[in-house]
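Each chain gets a letter, A, B and so on, in the order its sequence line appears, and its residues count up from 1. Please read these numbers as outputs of a predicted model, since none were measured by experiment.
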Amino acid sequence: MTPLSFEWHWNADYLVFMGLLYVALAVIGAGLIYTFLKTWMDLESGESELPPEIESRKKYAAY
Amino acid sequence: MKATEGKYKYGMVINLDKCTGCGTCTVACAAENNLSVIRDETDKQRTISWMQLFKVTNGKPFPDTEVSYFPRPCMHCHNHTPCVSVCPPTATKMDYNNGIVSQIYTRCIGCRYCQAACPYQARYFNWWDGHFPKGTERYLSPEVSVRMRGVVEKCSFCHHRLMRAKEQAYAEDRRELEDGEYITACTEVCPAEAITFGDLNDPDSKVAKLSKHPQAFRLLERIGTEPKVYYISSKDWVRRMADNYHPNEFQPV
Amino acid sequence: MDSALFPEGVKRCSPKVFLLWTLPWLALLAWGGLSAFLCLWKGLNQTNMSNIFAFAIWIVFDLAVIALGAGAFFTGFLTYVIGRKELKSIINAAVIIGFICYSGAVAMLGIDIGQPIRGWFIFWHANVHSMLTEVSFCISAYLGVLAIEYIPIILENRQIEKVPHLRLFGHNLHHIMGVFAATGTFLSFFHQGSLGGMFGVMYARPFAERWDFYVWPTTFFLFVFSAIAAGPCFTILCTKLTEAISRKKLVPDNAVQFLARLSGWLLSGYLVLKIIDTAVWANTTVPNAGLGLMDFYREGPYGIWMLIAEIGIFGIVPAVMLMIPQVRQNPAGLIVACLMNCTGIVLNRFVFIIATLAIPVMPFARFWSYLPTWQEWGIAMALVGYGFLLFSVSYRYLPVFPKEQELNPAMNG
Amino acid sequence: MENQSNASEKRPQGGSNESGGLLNSTFLPPFSLKGWLFVLAGLVPALIVGWVVFPMVLYSSQQQPFNFSHVVHTNPDIGIEGETEQELCMYCHYFREDGTFVGIPGMDTCTMCHDDPEFPYGQTEDEKIFLEQYVAEGKEVPWLVYSDQPECVYFSHIAHVKMGGLTCGQCHGDHGRSETLPVYKENRLTGYSIDIWGRNIAGYSKNIKPAEAGMYETEDDEQYLRTIETEQGEETYHIKMSSMKMDDCAECHTIHHQEQNNACFVCHK
């Protein structure tokens, strides 16, 4: 449901509920887009020659 | 959800002293509202009847046995309608302008949460596709849509009759309906004239007067659903049946 | 044959043995597939659900696996947001279990609703006052989060990792996993709660009704609490089962013990609240509805044993067991306690769904009974088969347990 | 397989390695010419399919049994009476005594004038078809109804026309001034006409193209202006329905302060 729908009411119930949903979706979407772009940029800047070891995994022995 | 009071508030009073349990209301309702039969009508957990008859007895041995019937349509609860607030896709809503609780079959996704929330068992799920044996489909009413499998349905207070009455009034250059111009099929058909239907907000209507009868009561009144269907019974044991009472709590009229 | 796909330095059974192992689960899936086909093609009349039992075994299963799958969000929260490093050795397993539970539950819900094609109406015509809307929103969004959390594990497969793009993508995802974990925690918190709220708001059903705190009934918080108390225990059970079947140690004791200890404390906290809530409910809501507590526990098989079993036997006992270090450090004690904990939570969901519907509210309405058909069992069991299958495949080809190599040095080769 | 041979290596050697060479080439960095070409190669066919092929597949075009000219029939000289445009319309599209609307009139209305199959009023081929095939045979004309509603929908014309004071054109457009009937395009899946076609999410209104039937040529006609009394005084709106979908009904009710008529049971049955 978007605010364009005729069933939408401009009151706190709708703003809080749908607002939080859209914020959550936006955070997920932004995270994904950031990762995509960063991966692309990294490839562009030539880091692709030596893909790094996944950092956290290097430290497994420490836990 | 707060209840804003609308102009009209349609309701019903059923006089249980007059009701003989003949079941004409159930049949008329089914015919009026295009209710389908299911393959096995003895499967009472899955049959559909918007106007259900419940038989109650006082539990005493003969010759003191007494029997009464509770015809149970949808109560169209006025306060915080239990089914309305839970419906996820807004397929059921109360029209505050006339108090009728609607059910939109093409909007319903069949999650059955409303059935769980309704304490009156007034909501029915279509477990099968509608079945109209050859020839009977010609007797379907065009004013009520036939339900598909997988949706919930319930008594609509014959809402299409309100629409029909309104069109008639408009044709006669009136905006207001007269008392008795819009009545449900069960009201019209009851041979004992046990059912009265009308606008509870209109103090002059028959139904409003009857609802203030000293022996009038509603089902499960203390839960606070504010049903718009009232019952009248002169029998204390019948009135006691309508709600849950602690021992020694019930006050006879 | 498929050894090139195995994680580095670990030993896996031969393809033949693995195929044999998957057969029963594939059989369960086939049974479920047939049931699902029948239910979608012929309608829900294939089940024994009725106008009285509008919710039945599927919803019990749904709520149960979602409560048990809560290990994913809670462990994710502890690992990425709070920063408990020792949990890194179990977080992958928790995420996969969570993904299995949630995707299975969503698939099951798709069959459970009468008009699955209209499922999107919940989102497009949302009634924001309905707890079920909140549940649907958060579950679908959280399933997306779980998928995102699952992706880097898949990308760590030895062959996939060779593609620098994918490897880099997985690496970058790992970097910002905290954001997803936090979002997942937020979403999970709300849907675990609204699943409880679903029953608490049914004010016309005194057995389920609870008093409101702000807009949420107390069951909202009780369900969140019980889910995070049971979820980690289910994660422990699953890893212990994997360890037993693979005859290997996969997770260091400190991670398991931390989760077990936490579960014990959370469960006891939950039980205190649950007992208070039950007492308040029995002394306010129930008399207000004109009933006594025992009025609810006299019909059919639903006796007062339910309450005793839920809170006492499968509540207080596992809570105490998990809180005593000697008991939870004993392998048998740990497993029994975790099993009892999970049983108690599933029983709680069962009572809220089935008993609520079975107990008539109108004094003159009769009591009905219900038993699932083979189609209903089929779909429920397919969830089990799907879970075993996905977890087995993940375990075989992905580095689910990062410490496996280190804990089993003899098997290197 | 190439990949198999590399499986034993300790670490992959990066993108230039032949391992995953195919996969590598499918993941292009952004902003390169090749990258954009790939985007376009996907986007253009997708748009053609979505905007051209899919509508062609989805909608079937059907011709009406014969053409009908509203212009000819609303000409006051031929005996169809009415002071206003509204009354002209309602000469054939009238209300019955119980307030129901007659819709597309039946043969009994047509034969009030066209009573003699041997006696055409004009010279058109269409009238000939009408007289020979329908009037002479005593058959109803099987019109294809653009405004066919789903079975679950109830609509009261009298509430809008008589009580609401809307003119016909405010919803139906300049239908009364059309000389030809538009091609009837039916959605093959739902069976409804394309004319009942709503707005997309962005609120962009998909009007029927004016050229299609010589309709809607007088967009700024006064008949689309409607003044209503509100608490704030008089308000004038420019209204014109494009689709008659649920959202359009609701929008109009809201504009005209008739929100109570957005209740579900007002239109659903």
Side-chain angles (χ1 to χ4, degrees), chain A, chain C residues 79-80 84-89 91 121-130 133-134 137-138 140-142 144-145 148 151-152 155-156 161-180 182-184 186-187 190 215 252 254-255 399 401-406:
Chain A
M1 185 182 268
T2 67
L4 294 173
S5 166
F6 80 92
E7 290 166 278
W8 177 277
H9 298 282
W10 287 101
N11 60 24
D13 309 1
Y14 281 77
L15 287 173
V16 170
F17 186 86
M18 301 302 291
L20 283 178
L21 173 81
Y22 283 128
V23 165
L25 290 181
V27 168
I28 297 172
L32 274 184
I33 290 169
Y34 165 80
T35 317
F36 271 114
L37 288 181
K38 184 158 191 310
T39 309
W40 257 342
M41 296 304 200
D42 288 352
L43 287 170
E44 194 82 324
S45 63
E47 273 180 40
S48 59
E49 292 307 310
L50 272 176
E53 168 67 288
I54 288 161
E55 219 172 292
S56 52
R57 219 163 45 164
K58 278 189 291 193
K59 290 191 240 149
Y60 279 143
Y63 309 143
Chain C
T79 316
Y80 295 112
R84 298 296 301 209
K85 294 262 186 286
E86 68 263 44
L87 293 180
K88 289 222 167 168
S89 53
I91 178 73
F121 282 12
I122 298 186
F123 305 96
W124 198 240
H125 301 293
N127 171 12
V128 298
H129 301 105
S130 169
T133 311
E134 197 172 322
F137 278 33
C138 292
S140 10
Y142 183 53
V145 171
I148 293 170
I151 287 171
L155 296 183
E156 278 180 35
E161 210 183 36
K162 285 183 181 165
V163 183
H165 305 77
L166 296 180
R167 184 182 156 87
L168 202 59
F169 183 68
H171 173 81
N172 284 334
L173 262 186
H174 254 298
H175 261 298
I176 60 157
M177 200 43 87
V179 175
F180 292 117
T183 319
F186 167 82
L187 291 167
F190 276 98
V215 294
N254 62 344
F401 298 101
K403 286 220 151 184
E404 183 179 357
Q405 197 184 350
E406 186 187 320

Spatial distance of atom [atom1] ([X]) from atom [atom2] ([Y]) [nearest 0.5 Å]:
X: A:Leu32; Y: C:Ile151; atom1: CG; atom2: CD1; result: 7.0 Å
X: A:Tyr14; Y: C:His129; atom1: OH; atom2: NE2; result: 6.0 Å
X: A:Glu7; Y: C:Asn127; atom1: CD; atom2: CG; result: 9.5 Å
X: C:Phe190; Y: A:Leu21; atom1: CZ; atom2: CG; result: 11.5 Å

Atom group of C:Leu187 that falls short of 4.5 Å from chain A, counting heavy atoms: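 For C:Leu187, side-chain heavy atoms alone lie under 4.5 Å from chain A.
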Segment of C:Phe169 engaging chain A (4.5 angstrom heavy-atom cut-off):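 Contact with chain A is through both the backbone and side chain of C:Phe169.
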Within-4.5 Å side-chain heavy-atom neighbours: C:Thr133 and A:Phe17: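 SC-SC contact between C:Thr133 and A:Phe17 confirmed.
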Any side-chain heavy-atom pair of C:Phe186 and A:Leu20 under 4.5 Å: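 Yes; the side chains approach each other to less than 4.5 Å.
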Residue, of A:Asp13, A:Val16, A:Val27, that accumulates the most heavy atom pairs under 4.5 Å with chain C: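 Top option by heavy-atom pairs under 4.5 Å: A:Asp13.
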Where A:Thr39 and C:His165 come nearest, the two heavy atoms and their spacing: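 In this case the closest contact between A:Thr39 and C:His165 is CG2-O, 3.6 Å.
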Over all atoms of both residues, closest heavy-atom pair of A:Ile28 and C:Phe180: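 Where A:Ile28 meets C:Phe180 most closely, the heavy atoms are O-CE2, 3.6 Å.
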Heavy-atom pair count under 4.5 Å with chain A, highest-scoring of C:Val215, C:Leu87, C:Val145, C:Ile148: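 Winner by heavy-atom pair count: C:Ile148.
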Option among C:Val179, C:Asn172, C:Ile176, C:Leu173 that satisfies the side-chain contact (heavy atoms from CB on, under 4.5 Å) test with A:Tyr34: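 The option that passes is C:Ile176.
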Chain C contact via A:Leu25 - side chain, backbone, both or neither, heavy atoms under 4.5 Å: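 It is the side chain, since no backbone atom gets that close.
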